[in-house]
Amino acid sequence: MEEISHSDLHLRIPEMEADAEMRRLINAFNAMIERVETSFAHVNEFSSHVAHELKTPLAIIRGEVELALNETRDIAEYQRVLTVTVEEIDRLIRIIKDLLMLARLDFNPDVFRFEKINLKEFLAEIHEYTSILCEEKGVTSGLTVPDVDCFVRADRVHLRRLFLNLVHNAVKFTPAGGDIRINMAADGNDVRISVADTGAGIAPADMEKIFEKFFRAHDAKTTSGTSLGLSIARSIARAHQGRIDVQSSPGQGSTFTVSLPAAP
Ligand SMILES: Nc1ncnc2c1ncn2[C@@H]1O[C@H](COP(=O)(O)OP(=O)(O)OP(=O)(O)O)[C@@H](O)[C@H]1O
Ligand SMILES: [Mg+2]
């Protein structure tokens, strides 16, 4: 047992000739070590992902500055280098902010300030913001809510973040001429709010992966975000005892549905 350390978590305690009780204990211990081993593998994979995401903007900054230092340039060229540098620094700041937010969401429940929220009023605000983004992109938008008021217990700031992440995606992946709909329906003890777009859609093989940190679908490689948006949205939904489901047809559009427990 003393031999099992962080560097050889693959080791297990052999069952040997133990009695039934001791064997149960050994099996439980081995199962626990297996979970620790999996967690270490996740942490390792996550660290290398973070390192890679931070390295890319830094490599761009270094390349640009080195080029500018090599010989005397005109003012316009220096301005271009500084503009690229500021853009890449902003990207680094965005990644770090999003990572800090994820860590807070998943490990510090004290960040949430729950209050009773009238979803019809809340979604009217979200839709107002959505319609501005849609107009800029040449996309139509709409909001459908039931006649009766629906309430949830939620943290307003984080709930807003969740829906804005879904709306930003819908707008980003829907070309001009498309349509984005926000729909609310009360279903027993749950309230379901969906954000549906008529955009690019998601390949069936990518449906599970899109909620992973830093995952971008192949044809979305060029988009500018940190690719932490859906991870953040899912963490916020879970912190509210809710969930996010997605349905999509490539080339036809996607619908993200958030289910939250209704408040009396
Ligand atoms: N509405 C959508 N339509 C098509 N693909 C989507 C949609 N929403 C998400 N995706 C896919 O899921 C991936 C992950 O989305 P996520 O919001 O986590 O990251 P992002 O939008 O790329 O970056 P960020 O949200 O940090 O700006 C996207 O890159 C895209 O491939
Ligand atoms: Mg996004």
Side-chain angles (χ1 to χ4, degrees), residues 45-46 49-57 87-106 126-127 129-134 136-143 157-183 192-239 242-259:
E45 192 188 342
F46 176 64
H49 240 134
V50 171
H52 177 79
E53 292 290 325
L54 297 178
K55 200 175 141 209
T56 308
E87 277 169 13
E88 293 304 319
I89 289 173
D90 283 347
R91 183 171 168 71
L92 285 168
I93 292 172
R94 262 202 320 272
I95 296 173
I96 290 164
K97 268 192 180 164
D98 280 358
L99 284 171
L100 286 174
M101 177 174 233
L102 263 176
R104 270 203 312 272
L105 292 174
D106 290 343
I126 298 285
H127 178 251
Y129 176 78
T130 307
S131 64
I132 297 169
L133 293 183
C134 284
E136 284 169 3
K137 184 107 192 250
V139 168
T140 52
S141 71
L143 169 68
V157 174
H158 286 100
L159 202 63
R160 197 175 146 79
R161 174 81 276 141
L162 190 173
F163 285 105
L164 292 191
N165 284 3
L166 296 183
V167 164
H168 281 146
N169 283 348
V171 174
K172 180 158 58 171
F173 296 108
T174 303
D179 182 64
I180 292 171
R181 293 266 116 214
I182 301 175
N183 186 65
R192 296 198 306 193
I193 306 119
S194 57
V195 178
D197 66 60
T198 58
I202 300 154
D206 292 338
M207 293 285 259
E208 279 303 310
K209 297 189 209 145
I210 56 170
F211 291 96
E212 288 170 13
K213 298 177 186 78
F214 301 120
F215 177 83
R216 292 179 194 104
H218 186 64
D219 48 6
K221 284 273 188 273
T222 50
T223 63
S224 54
T226 61
S227 287
L228 293 169
L230 284 179
S231 306
I232 290 173
R234 187 173 63 177
S235 289
I236 295 172
R238 285 181 175 168
R243 50 186 280 186
I244 306 183
D245 297 297
V246 57
Q247 287 183 309
S248 183
S249 309
Q252 288 183 34
S254 314
T255 302
F256 286 80
T257 304
V258 180
S259 309

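In listed order, ligands and their atoms are each counted from 1.
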- Below 4.0 Å from any atom of ligand 1, is there a heavy atom belonging to Phe211? no
- Please state which part of Ile202 comes within less than 4.0 Å of ligand 1, counting heavy atoms only: side chain, backbone, both or neither. side chain
- Task: Using atom types as modelled and distance alone, determine if a side-chain donor or acceptor of Thr140 lies under 3.5 Å from a backbone N or O of Gly178.
- Result: yes
- Message: I need the minimum non-hydrogen distance between Ser194 and Thr257, along with the two atoms involved.
- Response: CB-OG1, 3.6 Å
- Task: Of the side chain and backbone of Asp197, name the one, both, or neither that has a heavy atom under 4.0 Å from an atom of ligand 1.
- Result: side chain
- Message: Are any of the N/O atoms on Phe256, whether in the backbone or the side chain, positioned under 3.5 angstrom from an N/O atom of ligand 1?
- Response: no
- To which of Ser227, Pro250, Gly253, Ala233 does the heavy atom nearest atom 22 (O) of ligand 1 belong? Ser227
- Note on the structure: Counting heavy atoms under 4.0 Å, the part of Lys172 that contacts ligand 1 is side chain
- Note on the structure: Across all chains, not counting sequence neighbours, the ring pair (Phe, Tyr, Trp, His ring centres under 6.0 Å) partners of Phe214 are His49
- Query: Among Asp90, Leu54, Thr56, Leu100, which one satisfies side chain to side chain contact (heavy atoms under 4.5 Å, CB included) with Ile95?
  - Reply: Leu54
- Message: On a heavy-atom basis, I'd like to know which of Val246, Asn169, Thr226, Ile180 is closest to atom 9 (C) of ligand 1.
- Response: Asn169
- In short, Ala196 meets Thr255 closest at the heavy-atom pair CB-OG1, 3.5 Å
- Name all residues meeting the salt bridge (Lys or Arg N to Asp or Glu O under 4.0 Å) criterion together with Arg161; count only those two or more places apart in sequence or in a different chain, and write none if there are none. none
- Query: Is any NZ, NE, NH1 or NH2 atom of the basic residue among Arg216 and Glu53 found under 4.0 Å from an Asp or Glu carboxylate oxygen of the other?
  - Reply: yes
- Message: Donor-acceptor pair, distance only, cut-off 3.5 Å: does the side chain of Lys137 make one with the backbone of Pro175?
- Response: no
- Message: Under 3.5 Å between any N/O of Arg216 and any N/O of ligand 1: does that happen in this structure?
- Response: no
- Could you list which atoms of ligand 1 come closer than 4.0 Å to a heavy atom of Ile210? 11 (C), 12 (O), 14 (C)
- Message: Restricting to under 2.8 Å, identify the protein N, O or S atoms around the Mg ion (ligand 2) as residue plus atom.
- Response: Asn169 OD1
- Task: Report yes if some N/O of Ala200 lies less than 3.5 Å from some N/O of ligand 1; otherwise report no.
- Result: no
- May I ask whether Leu228 has any heavy atom positioned less than 4.0 angstrom from an atom of ligand 1? yes
- Task: Might you work through the side chain to side chain contact (heavy atoms under 4.5 Å, CB included) test for Asp206 and Phe215, ending with a clear yes or no?
- Result: CA-CA 9 Å; Asp206 292 338; Phe215 177 83; 3.6 Å; yes
- Residues passing the salt bridge (Lys or Arg N to Asp or Glu O under 4.0 Å) test with Asp179, sequence neighbours excluded, are Arg181
- Non-hydrogen atoms of Ala237 and Leu162 that approach each other most closely: N-CD1, 3.8 Å
- Just by modelled atom types, is the Phe211 backbone N or O under 3.5 Å from a matching donor or acceptor in the Ser231 side chain? yes
- Determine, using heavy atoms of Gly199 and all atoms of ligand 1, whether some pair is separated by less than 4.0 Å. no
